[in-house]
Amino acid sequence: MISFIVPTYNREDTIERCIRSIYSIKCDKEIIVIDDNSNDKTIEIIKKNFPKVNIIRNKSNKGPAYARNVGIKEANGEYLFFVDSDVFLTKDILKKFLKYDNHDILFPRIIFEDNTKMYPSNSNEERYLKASTVFMIRKNSLIENNLFFDELYFIYDEDTDFFLRCKLNNLKCKYVREAIAMHALQSKVSLNLEKRYYLTTKNHIYSYFKYLFLDKNNRELFDFPRFKLIIKDILMALFNINLLSFASVEGRTKIKRNKINVLFNTRRLTNRSRIVLIYLFKKAVLWNLFHIHKIIKNMLSIRKLRKYNLVIYTTGLKDFYYWNIYHLKKTKNIEIKRISSRFLYNTLIKLNNHSKLFRIIRKRFTGKSNVIEGEPSIKNIVDGILAPVKLLFKKNIILSFPAYSNMIYYMFFLNLLGKNTIYFTSWPYWNTKKYETKPLFNKWIWHQFLKRTKIVAVSKTAYNALKSKGYNVIQIPHSVDINLYNLKNKNNKKIKILYTGRLVEEKGIRDILEVSSKFNKNKVEFLFAGDGPLAELIKSKEKYFPVKYLGYIGSKKELKKLYGQSDIFILNSYSLNTWEEWFGISLIEAMASGLAVVSTDCVGPKEIINKNKVGFLIKQKDKQELYNKLKILIDNKILRNKFGINARKLVMNEYNLEDNSKKWWKILIN
């Protein structure tokens, strides 16, 4: 249902046309008119012609901000359609709007009855709604962000203030050019010039201080607030000059339409003494002083909506470990910077990739001379070198380092400085000595750090281990964008079994190759996508085994295509003395694409697959069991499809990027 909210005050000349235009729109609707204590025939006209309209009358004149807030609270619709009572809607405006129902705010092109364009009047106004008498907004977006019109404005600037706060709360806005509304050419002026002068002056002063901490980008986009407006108000009082035509979009449009040169249109604002205007200016200043406690409160609330600056300080892992956090850029006003602490390692990669001599020396000692993928930039290296100093001036920091690392001394120092630190970990063995390689003397400092900071654990196993020690921890798993991957029906001539990731010993690549040799080349094909020291081994088996090496695939689009073409996903990781498969991002990507999976019982895959009918979990280094489970899935298409459907559902419920990024945001801001 659409709730049409019509605030009105003394609009007997336009109210009937306005409501008739709303009734001409075919939809499930309610019309709510909030009358701001009119003293003309506005209410009589509505009652006579539109008995079904819900009329709410204010006992006194409280302004459009108050009236709209009453409408928001009274409305029952999913969308709220605000229409001023001197505006007339076209029949198809809603139809044009609903093409863009993935947005929070939609606004049309507004023209005067003589076809002169009123709004938007420039490219900035097309980018985001700044001030308008007509717009549609999703009600939940208002309620969730506690967004109402600021009643301190009474009238003038209350709409710009409202839309600016919508922008700061990251509501998606869309200018629908093909949707048109018409504004009355002439309507009654409800306020005399002196009262308009007082109200605009008090609002200019109020806005300036309320948005004192507004960032530069939004200041430029909205052209608000402006200190020069306060200067203009002072000049108007001192010289009795009428410049109030600049106070509204309508006024500026009329000046443009009639080609009035304001510099030479210096009519007096009042026929009384300019002392009256000076008095009104002082009255506006006194109003702001009287409401200073409310202004400071609102100013601080706006400051909280400023861009949230976040630094991720880590050992230099790939970006995909932080997709939950990066996704916040789409929905929140947040700036994220990732700094690698491994500046020496990154420098060696840089030297390796650009120095033949360095690669010759490296080959002599390691037997490898290849160019390394993911080369860091000079800026990344410099940032890593300067990070220990730079982070002293940052407030919000995510720290992601191995458990019991000696980096704890610096991390604990940041914690003591009162930084908003979050420790991000997938380590599951906090309550055991498994894999422990660091000396015992730093354990006490780790304990002090962990009990003083917020912790985000990737897995339930890691969460339980930290929780058992009494730490403040929340579990948020790695996630995937479910909209990126599709569940497709496969009609492959051959059953395609996919592996993506590093081509290294601990991923069980050799065993996969050995098992592949037992299958018919005409019926089954094993696909390997990735890079690593075992790439050449895979290539050498292509002639003899049903395998195909696809190389490194970095594009999400290409990876999506590859998942869509495959039937089964395999993750055959083994635990080493210093490493284990803590999670398995490629596993949930494959599951999001509807692939049945076969994986070894490392701690991460075990948690994902265990008791969930999405595939098979096998013992590590058990080649016979690997063969048996693959054969079952190859031979049983119904089971394969059932596992794939269940896998997709599991990812949607537990590893959904949209949901888990919201959990991260709560952790960041609380």
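In this structure the side chain of Asn646 never reaches within 4.5 angstrom of the side chain of Leu650, judged on heavy atoms. Counting only heavy atoms from C-beta outward, the side chains of Ile455 and Asn472 never approach each other to under 4.5 Å. By the 4.5 Å heavy-atom criterion applied to side chains, Lys494 and Val524 are not counted as neighbours. Counting heavy atoms from C-beta outward, Thr314 and Ser341 have side chains that stay 4.5 Å or more apart.
Between His478 and Tyr655, the ring centre distance reaches or exceeds 6.0 Å. Taking the six-membered ring wherever Trp is involved, the centroid distance between the rings of Tyr404 and Trp430 falls below 6.0 Å.
Leu617 CG to Leu571 CG: the interatomic distance, rounded to the nearest 0.5 Å, is 10.0 Å. Atoms CD1 and CZ, on Ile398 and Arg338 in that order, are 12.0 Å from each other to the nearest 0.5 Å. Interatomic distance, NZ of Lys172 versus NZ of Lys174, reported as 10.0 Å (0.5 Å rounding). Atom NZ in Lys560 sits 9.5 Å away from atom CG in Asp481 (nearest 0.5 Å). Taking CD1 of Ile553 as the start and CG of Leu550 as the end, the distance is 5.0 Å to the nearest 0.5 Å. Taken to the nearest 0.5 Å, the OG atom of Ser377 stands 3.5 Å off from the CG atom of Asn380.
In this structure Lys541 satisfies the side-chain hydrogen bond (donor to acceptor under 3.5 Å, both in side chains) test with no other residue, sequence neighbours excluded.
Around the NZ atom of Lys394, the shell of radius 6.0 Å holds no more than 12 heavy atoms that belong to other residues, nucleotides or ligands. In the displayed structure, Lys29 atom NZ is contacted under 6.0 Å by more than 12 heavy atoms of other residues, nucleotides or ligands. Summarising the local packing, NZ of Lys460 is surrounded by 12 or fewer heavy atoms from other residues, nucleotides or ligands at distances under 6.0 Å. No more than 12 heavy atoms of other residues, nucleotides or ligands sit less than 6.0 Å from atom CE of Met652. Atom NZ of Lys95 has 12 or fewer neighbouring heavy atoms from other residues, nucleotides or ligands inside a 6.0 Å radius. Within 6.0 Å of the CZ atom in Phe320, the count of heavy atoms belonging to other residues, nucleotides or ligands exceeds 12. Shown here is Lys518, whose NZ atom has more than 12 heavy atoms of other residues, nucleotides or ligands within 6.0 Å.
Remark: the backbone N or O of Leu668 is paired with a side-chain donor or acceptor of Tyr308 at under 3.5 angstrom. Counting only distance, with no hydrogens or angles, the side chain of Glu542 and the backbone of Tyr549 share a donor-acceptor pair below 3.5 Å. Using modelled atom types, no side-chain atom of Asn636 and backbone atom of Ile632 make a donor-acceptor pair closer than 3.5 Å. No side-chain donor-acceptor contact under 3.5 Å links Ser593 to the backbone of Gly564. With Arg640 contributing its side chain and Ile568 its backbone, the two residues share no donor-acceptor pair below 3.5 Å. Of the possible donor and acceptor atoms, one in the side chain of Arg648 sits under 3.5 Å from a partner among the backbone N and O of Ile482. Counting only distance, with no hydrogens or angles, the side chain of Asn656 and the backbone of Glu658 share a donor-acceptor pair below 3.5 Å. Formation of a donor-acceptor pair under 3.5 Å by the Lys649 side chain with backbone atoms of Gly644 is not found in this model. Listed for the Thr600 side chain is a donor-acceptor partner under 3.5 Å among the backbone atoms of Ser573. A donor-acceptor pair under 3.5 Å is formed between the side chain of Arg359 and the backbone N or O of Asn352.
Relative ring orientation between Phe569 and Tyr499 is described as parallel, the plane-to-plane angle staying below 30° on a 0-90° scale split at 30° and 60°.
Side-chain N/O atoms of Asn309 and Lys337 include no donor and acceptor closer than 3.5 Å. In summary, the side chains of Glu580 and Tyr574 do not present any donor paired with an acceptor at a separation below 3.5 Å, with no hydrogens or angles considered. Side-chain contact check for Asn572 and Ser599: no donor-acceptor pair (N or O, by modelled atom type) lies under 3.5 Å. Judged by distance alone, the side chains of Thr453 and Thr421 do bring a donor and an acceptor atom under 3.5 Å apart. Under the 3.5 Å distance criterion, with hydrogens and angles disregarded, a donor-acceptor pair is assigned to the side chains of Asn324 and Ser479.
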inquiry  = Determine whether Phe401 and Trp427 satisfy the following criterion, ring-ring contact (aromatic ring centres under 6.0 Å, His included), listing intermediate values before the conclusion.
reply    = CA-CA 10 Å; Phe401 292 93; Trp427 180 261; over 10 Å; no

ask   = Please walk me through it: do Ile476 and Val458 pass side-chain contact (heavy atoms from CB on, under 4.5 Å)?
value = CA-CA 5 Å; Ile476 308 176; Val458 172; over 6 Å; no

inquiry  = side-chain hydrogen bond (donor to acceptor under 3.5 Å, both in side chains) for Asn218 and Asp215? Distances and angles first, verdict last.
reply    = CA-CA 6 Å; Asn218 282 311; Asp215 63 275; 2.9 Å; yes

request  = Could you go through the salt bridge (Lys or Arg N to Asp or Glu O under 4.0 Å) check for Lys496 and Glu525 one step at a time?
outcome  = CA-CA 5 Å; Lys496 296 182 183 292; Glu525 185 175 40; 2.9 Å; yes

key: side-chain contact (heavy atoms from CB on, under 4.5 Å) between Leu559 and Lys561, intermediate numbers included   = CA-CA 5 Å; Leu559 199 57; Lys561 185 178 177 182; over 6 Å; no

message = Run the ring-ring contact (aromatic ring centres under 6.0 Å, His included) test on Tyr321 and Phe424 for me, step by step, so that the C-alpha distance in whole Å, both residues' side-chain angles and the decisive distance to 0.1 Å come before the verdict.
response = CA-CA 10 Å; Tyr321 288 100; Phe424 182 42; 8.2 Å; no

task = Could you give me the CA-CA distance, side-chain angles and deciding distance for Lys606 and Glu581, then say whether salt bridge (Lys or Arg N to Asp or Glu O under 4.0 Å) is met?
result = CA-CA 10 Å; Lys606 184 177 180 179; Glu581 192 76 69; over 6 Å; no

message = Go through it in stages, so that I can follow the logic: the residues are Leu310 and Ile397, the test is side-chain contact (heavy atoms from CB on, under 4.5 Å), and I'd like the CA-CA distance, side-chain angles, deciding distance and then a yes or no.
response = CA-CA 6 Å; Leu310 176 68; Ile397 308 166; over 6 Å; no

ask   = Given the rule in the side-chain contact (heavy atoms from CB on, under 4.5 Å) test, do Ile570 and Val597 qualify, once you have shown the distances and angles that lead to the verdict?
value = CA-CA 6 Å; Ile570 185 170; Val597 297; over 6 Å; no

ask   = Could you walk me through whether Phe135 and Phe163 pass the ring-ring contact (aromatic ring centres under 6.0 Å, His included) check?
value = CA-CA 11 Å; Phe135 63 96; Phe163 297 126; 4.8 Å; yes

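Of the options Cys602, Ser459, Pro477, a side chain to side chain contact (heavy atoms under 4.5 Å, CB included) to Glu607 is made by Ser459 and by none of the others.
Using a 4.0 Å cut-off between charged side-chain N and carboxylate O, Glu78 and Lys139 make no salt bridge. Using a cutoff of 4.0 Å between basic side-chain nitrogens and carboxylate oxygens, Lys663 and Asp659 are not scored as salt-bridged.
Counting only residues at least two apart or on different chains, the side chain to side chain donor-acceptor pair (under 3.5 Å) pairs with a member in residues 617-632 are Glu514-Lys623, Ser575-Gln620, Asp601-Gln620, Gln624-Asn628, Lys631-Asp635. Contacts classified as ring-ring contact (aromatic ring centres under 6.0 Å, His included) and involving residues 629-654 (residues at least two apart or in different chains) are given here: Phe616-Phe643.
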